[in-house]
Structure formats: structure tokens, C-alpha cells
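As a basis for the values below, the full set of heavy atoms in this structure was taken, side chains included, without hydrogen atoms, waters or symmetry mates. Along the sequence shown, the residues carry numbers beginning at 1.
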Amino acid sequence: MTLTTPEKGVGSATGLPSLGPEGTRLLRLLDDTFEGWGVAAGARPMTMPPLLPAADLAKLDYYDNFPHQAVVAAPLDLERRATTPFDATAGRFPSDALEPAALGLPSASCYAVYLTHQGTQVADDTLVTICSWCFRKETHYEGMRRQLGFRMREIVAIGAREHAENHLAEFTTRIQSFAKALDLPLRREAACDPFFDKGSSKAVLQRLTPVKYEFLYEDLAIASVNTHRNFFGERCDITLASTGGPAFTSCVAFGLERWLSALTRRHGSWEAAERAVLDAGASGADGPVI
């Protein structure tokens, strides 16, 4: 089956759509582009697990700050399965048939990076790039615009405050240059995600100085730049080899399926969207960050 746009297809209504050859090719092209930006800047490519211990996410206040998005996983309780089988009418296993949910499906790729580096010392200018499946419970799902499961490419800075801040400034310029070459009008807006506990001093500071900016096509955020100050450095005991103090972190994130949606809406088809990305590359707009 050939899809003319990514807005329709099997699984779209449930937040689990599929991609045909055209969409798959464009997604890989975009991800190669964004990964290339990170590698050119000095990032180490890494691969992270799709699930994380719920206890580790709880340590990062994830379930306090994002309970509306949280998705957890649990294995079947084999002893209870015989008396509480799969409910074919409801299309689910009853909660009594499951063991306690000790695994979380994170809503962003970068959580695994901080947990992987916990208890370590890092250089002042550490960079990591990853692409992971992410999961968010939503009030509704819509094609490639809003999904239960989606892929997120991130370029993560860990190190000195200046390094984390420069990382976001450089990639803000890169995103804007790339969007211009794609003829994809984006607007940059401050976001108000409740990343920190709402009553904390960090939350007050966030309201005064935004820690997240999104890049929107129409009403859809397709990329963001995020600073966490030393929050993850403190919670995960990530320290700087130069000073011994907690590391600062920041990340640049690209929702790959959302980029597919924006590009095909703007250019009208998979083929035209792919050509726009290739032309932007040929023009040098996806070259290394200087």
C-alpha cells in the first residue's frame, strides 16, 4: 500500500501508525541528517534501552511532573493467568493478571542518557546523540502528529554550564537555517512543561527564564531545545572531572514522525518532501555546526 501522506494509515487512530517504503526512506534521511549534526559537533552515537526501571524515572520526578503522559509495562503473572485470562471483549489483560509495573516507557530519549552516566565523571564538553522509541499517553491520537509510540533523535550536552548553553545556541541556529532551506516556516516559542516540581524554586525560575523552546510548524512542535541546568547532574550524581561539581545538561530533540507530517503537509507528497531535504543538504544547510 502506498500512502500519499503520513496523516492516514493503519494504526493512526490508536497512536501506532505504520510507514511504507516512502515514509521509511524519508525518516531515515532525516535521522541521518540530525545524527550527522551531532557527530560533526563531536557527539558520541549511543544506543539506549526502550524501557527504563520505573524506580529510576521516579528518582527524576518523572511520575510527579508527567503523570498524564506516563506509560508503564508489566509482565504477565503466570500463576494468575489461568483465572484471569485475556479479556477479548475489552481487548486487554485485567490488572489482576499482571505483575507490578516496575518498568517505564520514557517520553523522551534523554532520560536514558542521564541514567547511563549516573555516578560518573565527565569532561566539560561531553556530547551524546541517540535515537530511541518514546511513548506518551495522549487524550487523542492523530496520524504522525500525535502518537503513542514515536521516534526521537536527541543530541545531549553534559558538562560545564557554558557548554550546555552554547549547545542550545548553536543548534537553534542550525534548526532555523535548515528550516529556511526546506521552505518550512517555523516559529520559536517558549514552552511551559512542568519539568520541575511546581512548588520548587526551580519551577519559579523556569517561569522567569524558560528552560524549553519549541519550533512549531503551524500548531505542531517538531523540535525543541531544552536546558535542565544542573538538575540531572545532581539527581544522577554526574560530576565534572575538572571541578568535581555537578554537571549541567541540555538537549536538542527532533520528533521524527512529526517532521514527516510537517514536510509532507508543506510540500504535498513523500517525493517532494524527500527532494526538499536532499536539496537542503546539497545547499550546505545541513552541514556541521561551526
Side-chain angles (χ1 to χ4, degrees), residues 3-20 22-35 37 66 68-69 71 106-110 131-155 168 171-195 210-226 251-277 280 285-286:
L3 304 179
T4 56
T5 76
E7 304 304 327
K8 298 179 181 179
V10 175
S12 294
T14 62
L16 299 169
S18 58
L19 282 174
E22 301 91 342
T24 299
R25 185 167 58 246
L26 180 56
L27 185 143
R28 288 176 176 170
L29 176 61
L30 284 166
D31 188 41
D32 287 345
T33 298
F34 300 142
E35 181 184 33
W37 294 357
F66 299 101
H68 56 294
Q69 292 182 342
V71 181
S107 60
S109 297
C110 61
C131 182
S132 300
W133 278 97
C134 298
F135 303 86
R136 294 181 184 176
K137 183 180 182 298
E138 303 276 10
T139 57
H140 69 283
Y141 300 106
E142 180 185 357
M144 294 288 157
R145 293 169 55 84
R146 193 173 297 274
Q147 297 175 271
L148 172 58
F150 59 96
R151 279 152 287 199
M152 182 184 292
R153 165 63 63 180
E154 292 204 42
I155 305 164
L168 301 189
F171 277 93
T172 291
T173 300
R174 169 59 60 210
I175 292 168
Q176 292 171 329
S177 175
F178 187 49
K180 182 178 180 180
L182 290 170
D183 187 29
L184 189 68
L186 299 183
R187 68 180 188 278
R188 176 176 174 265
E189 291 188 357
C192 298
D193 286 351
F195 181 79
V211 299
K212 177 175 182 175
Y213 285 92
E214 294 178 331
F215 296 87
L216 293 92
Y217 173 70
E218 298 175 340
D219 63 339
L220 181 68
I222 64 175
S224 66
V225 294
N226 312 264
C251 67
V252 181
F254 304 90
L256 296 180
E257 284 84 355
R258 289 188 173 198
W259 276 82
L260 298 187
S261 174
L263 285 168
T264 52
R265 286 173 67 84
R266 178 64 173 171
H267 294 288
S269 69
W270 293 117
E271 294 78 9
E274 181 178 357
R275 175 48 53 193
V277 176
D286 68 342

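- Put simply, the side chain of Ser177 never gets that close to the backbone of Thr173: no donor and acceptor are under 3.5 Å apart.
- For Glu35, there are no side-chain hydrogen bond (donor to acceptor under 3.5 Å, both in side chains) partners, not counting sequence neighbours.
- In terms of the side-chain hydrogen bond (donor to acceptor under 3.5 Å, both in side chains) criterion, Arg258 has no residue partners (sequence neighbours excluded).
- Of all non-hydrogen atoms in Ser18 and Met144, the two that sit nearest each other are O-CE, 3.9 Å.
- From Tyr213, atom OH reaches atom CZ of Arg187 across 15.0 Å, with rounding to the nearest 0.5 Å.
- Side-chain contact between Phe178 and Phe34 is present, with heavy atoms from C-beta onward closer than 4.5 Å.
- Looking at Leu16 and Gln147, their side chains never come closer than 4.5 Å, going by heavy atoms from C-beta outward.
- With sequence neighbours excluded, the residues forming a side chain to side chain contact (heavy atoms under 4.5 Å, CB included) with Ala276 are Leu182, His267, listed by chain and number.
- Residues that satisfy the salt bridge (Lys or Arg N to Asp or Glu O under 4.0 Å) test with Asp32, not counting sequence neighbours, are absent from this structure.
- Residues passing the side-chain hydrogen bond (donor to acceptor under 3.5 Å, both in side chains) test with Arg25, sequence neighbours excluded: Glu274.
- Considering only residues two or more places apart in sequence or on other chains, Ala223 meets the side chain to side chain contact (heavy atoms under 4.5 Å, CB included) condition with Ile175, Phe215, Phe254, Trp259.
- Note that the CD1 atom of Ile155 and the SG atom of Cys251 stand 10.0 Å from one another [nearest 0.5 Å].
- Atoms CD and CG, on Glu214 and Leu216 in that order, are 5.5 Å from each other to the nearest 0.5 Å.
- In this view, Ser224 and Asn226 satisfy the side-chain hydrogen bond (donor to acceptor under 3.5 Å, both in side chains) rule, not counting sequence neighbours.
- Annotation for Trp270 and Gly23: closest pair CZ3-CA, 3.4 Å, computed over non-hydrogen atoms.
- Taking CD from Glu142 and OG from Ser261, the interatomic distance works out to 7.5 Å, rounded to the nearest 0.5 Å.
- Listed for the Arg266 side chain is no donor-acceptor partner under 3.5 Å among the backbone atoms of Ala273.
- Taking all atoms of both residues into account, the shortest heavy-atom contact from Val277 to Leu30 is CG2-CD2, 4.0 Å.
- Interatomic distance, Leu263 CG to Asp183 CG, rounded to the nearest 0.5 Å: 10.5 Å.
- A distance of 12.5 Å separates CD of Gln176 from CG of Leu184, quoted to the nearest 0.5 Å.
- Residues forming a side chain to side chain contact (heavy atoms under 4.5 Å, CB included) with Arg275 (at least two apart in sequence, or on another chain): Leu278, Asp279.
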Legend entry - Candidate pair Arg145 and Asp219, rule side-chain contact (heavy atoms from CB on, under 4.5 Å), full reasoning: CA-CA 10 Å; Arg145 293 169 55 84; Asp219 63 339; 2.7 Å; yes
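- Relative ring orientation between Phe66 and His68 is described as tilted, the plane-to-plane angle lying within the 30° to 60° band.
- In terms of the side chain to side chain contact (heavy atoms under 4.5 Å, CB included) criterion, residue partners of Leu27 (sequence neighbours excluded) are, by chain and number, Leu19, Arg151, Leu256, Glu257, Leu260.
- The side-chain heavy atoms of Glu189 and Lys212, taken from C-beta on, include no pair separated by under 4.5 Å.
- Not counting sequence neighbours, Arg188 has no partner by the salt bridge (Lys or Arg N to Asp or Glu O under 4.0 Å) test.
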Just distance, no hydrogens or angles: give the donor-acceptor pairs under 3.5 Å from side chains in residues 131-138, sequence neighbours left out.
| from | atom 1 | to | atom 2 | distance (Å) |
| --- | --- | --- | --- | --- |
| Arg136 | NE | Ser107 | O | 3.1 |
| Arg136 | NH2 | Ser107 | O | 3.1 |
| Glu138 | OE1 | Arg146 | NH1 | 3.3 |

